[in-house]
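First up is the structure itself, then whatever we jot down about it.
Everything numeric here is computed off the predicted structure, so don't read it as measured data.
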Amino acid sequence: MPMDPSSAMLPQALLLLQCIILTLGQYDICKSLVSTDDGPTWEYYACQPKPMSMKEYMQIRVEPPDITCGNPPERFCTLENPYLCSDECDASTKELAHPPELMQDRERNGLITYWQTVTWSRYPEPLLVNISLSWNKSLELTDDIQITFEYGRPTIMVLDKSLNYGRTWQPYQYYADDCMDAFGMLPKRVQDLSATNVTRVICTEQYSRWVGSKNEKNVRFEVRDRFAIFAGTKLQNMDNLYTRMESMKGLRDFFTFTNLRLRLQRPALGGTYVQRDNLLKYFYAISNIDIPARCKCNLHAGQCSLRDGTLQCDCEHNTTGQDCSACERGFKAKSWKPGSYLPTPNGSPNILRSSESRPEATRVGSIDRDAANVCDDELLLCQNGGSCIQNQKCVCPPNFRGVLCEQPRCQGEKGCDGASACYLSTLTLLLCLLANSLLKASA
Ligand SMILES: *[C@@H]1O[C@H](CO)[C@@H](O)[C@H](O)[C@H]1NC(C)=O
Ligand SMILES: *[C@@H]1O[C@H](CO)[C@@H](O)[C@H](O)[C@H]1NC(C)=O
Ligand SMILES: *[C@@H]1O[C@H](CO)[C@@H](O)[C@H](O)[C@H]1NC(C)=O
Ligand SMILES: *[C@@H]1O[C@H](CO)[C@@H](O)[C@H](O)[C@H]1NC(C)=O
Ligand SMILES: [Ca+2]
């Protein structure tokens with residue numbers, strides 16, 4: 001049956017637009033216009049800002065304050081050649097100064113710039129330095145933290161984090177050339193972790209052993225390897241990671257922070273022993289601190305911007321606040337919830353309606369804890385009538401799949417419409433377009 005082309009155009013265009021938007025990337029957009037029988041309407045999605053290089057926004061504080069070299073001017077030796085002591089640090093000369101901001105600058109023309117401390121001249125008293133990094137904003141790590149040390153990596157160091165703007169701190173990872181000796185902990189690698197203990201705080205010896213100061217300069221906090229436990233080695237299955245973020249207690253919080261702190265407790269030694277007659281070769285020097293992360297906006301914002309010197313979420317879904325963790329005036333405070341990554345691929349925005357509307361409206365598409373099959377310690381919240389087996393896995397009814405039975409099985413049978421078949425890859429976009437044209441042809 002021939003259709004009026006102009007009336008057919010708009011829904012097709014909107015469907016195409018939606019397919020393209022859904023293909024762009026997960027949780028990138030907060031809303032889009034979709035076609036319905038009643039004409040185009042807004043559809044809302046769970047959304048989050050893109051990862052950014054957070055070193056550009058961080059405030060650095062070094063303690064004790066007089067630990068930075070150059071006041072008075074001093075000379076340094078190198079670990080590889082302790083009799084080559086030609087390096088000079090002088091805070092009053094721009095070319096010879098090594099202030100803390102050189103840990104976060106953009107280096108140009110391959111010229112390495114670095115912060116440097118005084119030497120360990122008061123040995124055997126340890127050379128202790130704290131570096132606090134703050135953002136005044138909740139952030140979520142999206143890739144490895146990488147700290148680049150010139151002149152050797154510390155032999156003892158602790159990375160701490162705070163979730164409450166520096167009021168309380170907790171260790172994030174311990175680093176030592178001998179974990180047992182330094183912290184009484186068995187050495188572990190992130191590769192030793194599995195889904196059940198991915199949030200464990202470990203001590204690693206991987207970044208503290210002496211390999212020459214030029215060979216390996218970086219110390220990492222491994223985020224990718226931890227993601228890979230759920231998403232696969234190439235992070236090809238992010239859906240599974242996001243599903244776990246929703247279902248595993250503490251997993252999202254593990255990657256969340258407002259402040260970080262490096263506690264440097266012993267510099268590189270260039271071998272096993274401290275050479276007491278030449279202490280001018282022991283010090284810390286950091287050229288760069290990379291923190292790839294995104295603003296935590298509780299899945300209610302697709303953008304985060306600098307306002308009044310602080311990063312703030314550009315909140316949608318009638319939420320407000322620095323992290324979109326409150327309701328806009330006139331919206332029910334009780335009905336606020338973070339957005340959910342589920343069901344994949346778009347999640348649920350858990351948008352707020354005005355006070356007059358029924359509270360049920362805010363729950364559409366979200367995990368309803370009351371209705372969900374809650375396990376003993378709530379490790380897995382199976383959905384859509386899935387049953388939880390020994391807290392390990394959900395057994396899904398025939399028409400659902402996924403770790404939490406969160407995804408409808410769509411096999412081209414009745415009730416499986418073109419739009420819901422839009423998934424993430426270009427391939428599925430093509431399939432989606434094909435499905436739509438077939439639907440159109442059969443109509
Ligand atoms: C570093 O921070 C720790 C923990 O707050 C504190 O005990 C220590 O005194 C600090 N060290 C320096 C050198 O400021
Ligand atoms: C931190 O952010 C809050 C909220 O944007 C703001 O009110 C406060 O002034 C900021 N504090 C600092 C020290 O920048
Ligand atoms: C984590 O669990 C795995 C097995 O599930 C175990 O082999 C590994 O040693 C554990 N890692 C830590 C740090 O406890
Ligand atoms: C915000 O609330 C208004 C009034 O209830 C509603 O019309 C609108 O759709 C809501 N916006 C979002 C993004 O949820
Ligand atoms: Ca630098």
Side-chain angles (χ1 to χ4, degrees), residues 25-32 42-52 54 57 134-142 161-165 167 199 223 227 238-239 241-259 291-308 310-355 359 361-369 372 378 381 383 404 406:
Q26 246 170 328
Y27 312 111
D28 277 355
I29 52 152
C30 298
K31 62 185 174 201
S32 83
W42 287 106
E43 199 168 278
Y44 299 102
Y45 311 109
C47 51
Q48 61 188 4
K50 288 202 168 26
M52 306 195 280
M54 290 296 172
Y57 306 99
S134 59
W135 288 267
N136 191 24
K137 173 79 191 81
S138 305
L139 306 174
E140 294 170 334
L141 288 172
T142 54
K161 75 163 185 173
S162 170
L163 281 164
N164 53 17
Y165 309 96
R167 275 193 291 281
T199 59
V223 172
F227 283 176
M238 289 300 277
D239 276 4
L241 174 66
Y242 288 132
T243 302
R244 293 300 189 121
M245 290 270 190
E246 290 286 336
S247 62
M248 252 181 85
K249 265 190 169 172
L251 187 60
R252 279 193 84 172
D253 277 354
F254 183 79
F255 298 104
T256 306
F257 60 98
T258 58
N259 302 52
I291 318 267
R294 64 163 55 95
C295 290
K296 179 185 173 76
C297 303
N298 287 296
L299 296 176
H300 288 311
Q303 307 271 346
C304 185
S305 46
L306 203 58
R307 287 201 296 272
D308 309 323
T310 302
L311 286 170
Q312 306 203 22
C313 302
D314 300 337
C315 302
E316 304 253 7
H317 307 151
N318 291 326
T319 63
T320 186
Q322 212 185 4
D323 304 347
C324 310
S325 53
C327 300
E328 284 264 36
R329 212 179 259 268
F331 293 88
K332 279 204 169 125
K334 254 172 88 179
S335 61
W336 183 89
K337 281 204 250 178
S340 167
Y341 283 121
L342 303 178
T344 54
N346 288 327
S348 333
N350 292 329
I351 60 177
L352 294 159
R353 307 284 182 196
S354 64
S355 315
T362 64
R363 315 203 105 190
V364 174
S366 72
I367 308 178
D368 185 337
R369 286 179 90 87
E378 300 187 337
L381 296 169
Q383 296 171 49
L404 295 179
E406 77 284 2

Would you say the side chains of D308 and T310 form a donor-acceptor pair under 3.5 Å?
-> no

Which pair of non-hydrogen atoms, one from G339 and one from E246, has the smallest distance, and what is that distance?
-> O-OE2, 4.0 Å

Verify salt bridge (charged side-chain N to carboxylate O under 4.0 Å, His left out) between K161 and D253, making sure each step is shown before the conclusion.
-> CA-CA 11 Å; K161 75 163 185 173; D253 277 354; over 6 Å; no

Separation between CE (M248) and CG (L241), nearest 0.5 Å, reads 10.5 Å

Side-chain donor/acceptor of K137 to backbone N/O of K296, under 3.5 Å = yes

Give a yes or no answer on whether the side chain of H300 reaches the backbone of D323 with a donor-acceptor pair at less than 3.5 Å.
-> no

In Å and rounded to the nearest 0.5 Å, what is the CE to CZ distance from M52 to R294?
-> 10.0 Å

Minimum-distance pair of heavy atoms, taken over all atoms of T142 and P51 = OG1-CB, 3.4 Å

Nearest-0.5 Å distance that lies between atom CG in L311 and atom CG in L139 | 7.0 Å

Given N259 and N164, is the side-chain contact (heavy atoms from CB on, under 4.5 Å) satisfied, shown in steps?
-> CA-CA 8 Å; N259 302 52; N164 53 17; over 6 Å; no

Inter-residue atom distance S138.OG - Y165.OH, 0.5 Å rounding | 4.0 Å

Looking at G302 and C30, what are the two nearest heavy atoms and their distance?
-> N-SG, 3.3 Å

Under 2.5 Å between the SG atoms of C315 and C297?
-> no

Kindly indicate, with the supporting measurements, whether the criterion disulfide bond (SG atoms under 2.5 Å apart) is fulfilled by C295 and C304.
-> CA-CA 6 Å; C295 290; C304 185; 1.9 Å; yes

To the nearest 0.5 angstrom, please state how far the CG atom of N136 sits from the OG1 atom of T258.
-> 8.5 Å

Under the side-chain contact (heavy atoms from CB on, under 4.5 Å) rule, what do F227 and M245 come out as? Steps first, then yes or no, please.
-> CA-CA 10 Å; F227 283 176; M245 290 270 190; 4.1 Å; yes

Under 3.5 Å, is there a donor-acceptor pair linking the side chains of Y341 and Q48?
-> yes

Is there a side-chain contact between H317 and N298, using heavy atoms and a 4.5 Å cut-off?
-> no

How far does CH2 of W42 sit from OG of S32, to the nearest 0.5 angstrom?
-> 7.5 Å

